[in-house]
Asks: 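Quick one: structure below, then a few questions.
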Amino acid sequence: DECGNATSTTATFTIEDTTNPTMDVAASDSTVECDGTADPAGAFAAWLSTNGGASASDVCSGVTWTNDSTGLSDLCGATGTETVTFTATDECGNATSTTATFTIEDTTNPTMDVAASDLIIQCDVDNSAAIDAWLSTNGGASASDVCSGVTWTNDFTTLNDGVCGALTTVIFTATDECGNFTTTEANINTEDTIPPVIGCPGDVTAVTEDGDCGAIVNFQPAVATDNCGTAFVYQTGGLGSGSVFPVGDTLIEYTAQDECGNLATCTFTVTVIDDDAPVAICQDLTVILDDTGNATITAGQLNFGSNDNCGVGNLDIDIDTFDCSNVGANEVTLTVTDIHGNTATCVSTVTVLDLTDPIAVCQDITLELGDDGTVTIDPLAVDGGSSDACGIASYELNIDTLDCSNLGNTTVILTVTDANGNESSCSATITLEDNTPLELVCNDVTVELNQDGVAFITPSLVADVIDGCGTSTVTV
């Protein structure tokens, strides 16, 4: 009081903190994609360390964070989840909490590393083992997943029973442990690459019909079978059955085509033989030897319309050259050969004529009278080299004997005749000389004087002259 007296009382003033911290930001759920690890990139640890993104404050003190995480639960593959309660406690023990869930999920489809490949099978064999092996290996496909393994399935049920490029589509599915999947598609391709089996009839031989250069030939078509179905057979070469086939070989071809377009062919030969001989028709011919005594003919000159159903190929004769030895009638055989080698013959008479006159060549000569006052002329002496291709048969002179009346020059004509009666003439001058000496023979005579006492004699009384021509005179 004013006097200094005092009394006291004791009391306690307390500042207490009974208020929980304030959760300013609640924890947030977090979801991350599985990468195959327990904590993809440390995301879960980071989430925990940041209290799930929560924040709290206290007016009185700071806060301390705790959580009740015990680890992620096992889901599929490497995924997991946990709901965590984050607690913020102030220094006075007041606490507030927030709850959030952290999840590692797998929403990514597996990766198809290798796509499935088609399976090609033949239509005519048991392919069940090949199909089973193809299916069991997923058509050769492979897939992977970062979060788990994969399981394969396919949708194959039955095989398309077509034969030509028939496709059976199979979908292969790779599914991971979380149900994500990816697919690859491939085909079972049923094909037929084996050609049909085709058979042709055997070769056919026919002969030409009279007057025709060919023959009607009928034949059966080829037949074919196929390993996977039917085959259609059609002719692809040569003339059709029932056609007129030419002489020679004709190749016939058939083709078989199955439902898949595979082809097979076979062939056979139709042979038509021309066994008809040609008709040989001859005509006679007259030929004249030339100046050299030769003549040549051709087969065509003897042919008088020879013919053949297929055509004449060649005309031949056994004699085509004639000379003087053939003058007159000669038999010549004409051989007609058709284009296929058949032959026929006929005979012609070839008359060879020599109408060429010889060449008469004369030469002048000088002759002497004989003792009898004559001389005979040898035609060969007058011949100066006459000639004829067929030979000279005779030499004749129009004057072959000369006498004293022909002393001097006399013209004679030489006629040359060849072996075939042709003749030619020339003239020559014969100079005739009398070179025989006179023979004088004297005679003894007796004469009587006449009345006058004179006697006369004549030369002829006392001498004789021997002279072939009698033209000499005697004088005394």
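The residues of the chain are indexed from 1 along the displayed sequence.
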Asks: Taking Asn5's backbone N and O only, do any of them form a donor-acceptor pair with Asp1's side chain (distance below 3.5 Å, no angle check)?
Replies: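 Pair found, side chain donor or acceptor close to backbone of Asn5.
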Asks: May I ask you to check if the distance between the SG atoms of Cys178 and Cys34 is under 2.5 Å?
Replies: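 Cysteines Cys178 and Cys34 do not qualify as a disulfide pair, their SG atoms being 2.5 Å or more apart.
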Asks: If you measure from CG on Asp258 to CD1 on Ile198, what distance do you get to the nearest 0.5 Å?
Replies: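 It comes to 11.5 Å.
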Asks: With heavy-atom distances below 4.5 Å as the criterion, would you say the side chains of Val332 and Asp318 are in contact?
Replies: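 Yes - at least one pair of side-chain heavy atoms lies under 4.5 Å apart.
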Asks: Which distance, rounded to the nearest 0.5 Å, do you find between the SG of Cys213 and the CG of Asp276?
Replies: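 Rounded to the nearest 0.5 Å, the SG-CG separation comes to 9.0 Å.
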Asks: Give a yes or no answer on whether the side chain of Thr175 reaches the backbone of Phe181 with a donor-acceptor pair at less than 3.5 Å.
Replies: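 Judged by distance alone, no pair lies under 3.5 Å.
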Asks: Would a 4.5 Å heavy-atom cut-off, applied to side chains only, mark Ile252 and Cys200 as touching?
Replies: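 Result no, sub-4.5 Å side-chain heavy-atom pair not found.
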Asks: Does any non-hydrogen side-chain atom of Asp29 lie less than 4.5 Å from one of Thr103?
Replies: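 SC-SC contact between Thr103 and Asp29 ruled out.
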Asks: Roughly how far apart are Thr107 OG1 and Glu33 CD, rounded to 0.5 Å?
Replies: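 CD of Glu33 is found 3.5 Å from OG1 of Thr107.
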Asks: Using a 3.5 Å cut-off and no angle test, enumerate the donor-acceptor pairs between side-chain atoms of residues 221-233 and protein atoms at least two apart in sequence or in another chain.
Replies:
unit_1: Asp226; atom_1: OD2; unit_2: Cys228; atom_2: N; d: 3.1
unit_1: Asp226; atom_1: OD2; unit_2: Gly229; atom_2: N; d: 3.3
unit_1: Asn227; atom_1: ND2; unit_2: Asp124; atom_2: OD2; d: 3.0
unit_1: Thr230; atom_1: OG1; unit_2: Glu259; atom_2: OE2; d: 3.1

Asks: Is there a side chain to side chain contact (heavy atoms under 4.5 Å, CB included) between Trp47 and Val84 once you walk through the steps?
Replies: CA-CA 10 Å; Trp47 184 73; Val84 178; 3.8 Å; yes
Asks: Do the side chain of Thr345 and the main chain of Leu334 share a donor and acceptor less than 3.5 angstrom apart?
Replies: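 No, the answer is negative, given that no donor and acceptor are paired below the 3.5 Å cut-off.
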Asks: Surrounding CG of Asn218 (heavy atoms of other residues, nucleotides or ligands, distance under 6.0 Å), is the total greater than 12?
Replies: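 Atom CG in Asn218 is crowded, with more than 12 foreign heavy atoms closer than 6.0 Å.
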Asks: Under 3.5 Å, is there a donor-acceptor pair between the side chain of Asp418 and the main chain of Asn422?
Replies: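 Yes; judged by distance alone, with no hydrogens or angles, the pair exists.
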Asks: To the nearest 0.5 angstrom, please state how far the CD1 atom of Ile359 sits from the CG atom of Asp388.
Replies: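 Spacing of CD1 (Ile359) from CG (Asp388) equals 8.0 Å.
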Asks: Using a distance-only test with no angle check, is there a side-chain donor-acceptor pair under 3.5 angstrom linking Ser425 and Thr415?
Replies: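 Yes.
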Asks: For Thr85 and Thr99, which I'm curious about, is there any donor-acceptor pair between the side chains at under 3.5 Å?
Replies: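 Thr99 and Thr85 do have a side-chain donor-acceptor pair below 3.5 Å.
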Asks: With side chain to side chain contact (heavy atoms under 4.5 Å, CB included) as the test, would you mind laying out the steps for Tyr395 and Val382 before giving the verdict?
Replies: CA-CA 9 Å; Tyr395 301 85; Val382 178; over 6 Å; no
Asks: Just by distance, no angles: are the side chains of Thr79 and Asp106 close enough, under 3.5 Å, to form a donor-acceptor pair?
Replies: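 Judged by distance alone, the side chains do not pair up.
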Asks: Tell me yes or no: between the side chains of Ser142 and Asp113, is some donor less than 3.5 Å from an acceptor?
Replies: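 Distance-only check fails for Ser142 and Asp113.
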Asks: Determine whether a donor-acceptor pair (N or O, by modelled atom type, separation under 3.5 Å) exists between the side chain of Asn127 and the backbone of Gln122.
Replies: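 Checking the backbone N and O of Gln122 against the side chain of Asn127, a donor-acceptor pair under 3.5 Å is found.
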Asks: Side chains of Glu253 and Thr236: is there a donor and an acceptor less than 3.5 Å apart?
Replies: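 A pair is found: one side chain offers a donor N or O, the other an acceptor, under 3.5 Å apart.
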Asks: When you measure from the side chain of Gln283 to the backbone N and O of Gln301, does any donor-acceptor pair fall under 3.5 Å?
Replies: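 Yes; at least one donor-acceptor contact below 3.5 Å.
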Asks: Looking at CG of Asp357 and CG of Asp291, how far apart are the two atoms once the value is rounded to the nearest 0.5 Å?
Replies: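 Here the interatomic distance stands at 10.0 Å.
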Asks: Using only heavy-atom distances, determine whether the side chains of Ser69 and Glu82 contain a donor-acceptor pair under 3.5 Å.
Replies: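 Yes - a donor-acceptor pair under 3.5 Å links their side chains.
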Asks: Quick check: do Ile194 and Asp192 have side-chain heavy atoms less than 4.5 Å from each other?
Replies: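 In contact.
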Asks: Will you find, in the side chains of Ser348 and Asp284, an N or O donor that is under 3.5 Å from an N or O acceptor?
Replies: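 Side-chain D/A pair, Ser348 to Asp284: absent.
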Asks: Quick one: are Thr271 and Asp203 in side-chain contact, heavy atoms under 4.5 Å?
Replies: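 SC-SC contact between Thr271 and Asp203 ruled out.
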Asks: Just so I know, are the side chains of Leu159 and Ile131 near enough to count as touching, which here means a heavy-atom distance under 4.5 Å?
Replies: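 Yes, side chains in contact.
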Asks: Is a side-chain donor or acceptor of Trp65 paired with a backbone partner of Thr50 at a separation under 3.5 angstrom?
Replies: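 A pair under 3.5 Å: no.
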Asks: Would you call Ile188 and Ile121 a side-chain contact if the rule is heavy atoms closer than 4.5 Å?
Replies: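 Ile188 reaches Ile121 side chain to side chain.
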Asks: Hey, what do you get for Cys60 versus Cys92: SG atoms under 2.5 Å apart or not?
Replies: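 No - the two cysteines, Cys60 and Cys92, have SG atoms at least 2.5 Å from each other.
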Asks: Quick one: does any side-chain atom of Ser73 pair with a main-chain N or O of Thr81 as donor and acceptor, under 3.5 Å?
Replies: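 Present.
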Asks: Is it the case that the side chain of Asp58 and the backbone of Ser61 share a donor-acceptor pair, with hydrogens and angles ignored and the cut-off at 3.5 Å?
Replies: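 Answer holds: yes.
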Asks: Do Pro278 and Asn342 touch side chain to side chain, with heavy atoms closer than 4.5 Å?
Replies: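 Side-chain contact under 4.5 Å: yes.
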Asks: Go through the side-chain N and O atoms of Ser97 and Thr87 and say whether any donor and acceptor fall under 3.5 Å apart.
Replies: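 Yes.
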Asks: In Å, rounded to the nearest 0.5 Å, how long is the span from CG of Asn420 to SG of Cys390?
Replies: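 Reported value, rounded in 0.5 Å steps: 5.0 Å.
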Asks: So Phe44 and Phe102, would you call those rings parallel, tilted or perpendicular, with 30° and 60° as cut-offs?
Replies: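 Rings of Phe44 and Phe102: tilted, 30 to 60°.
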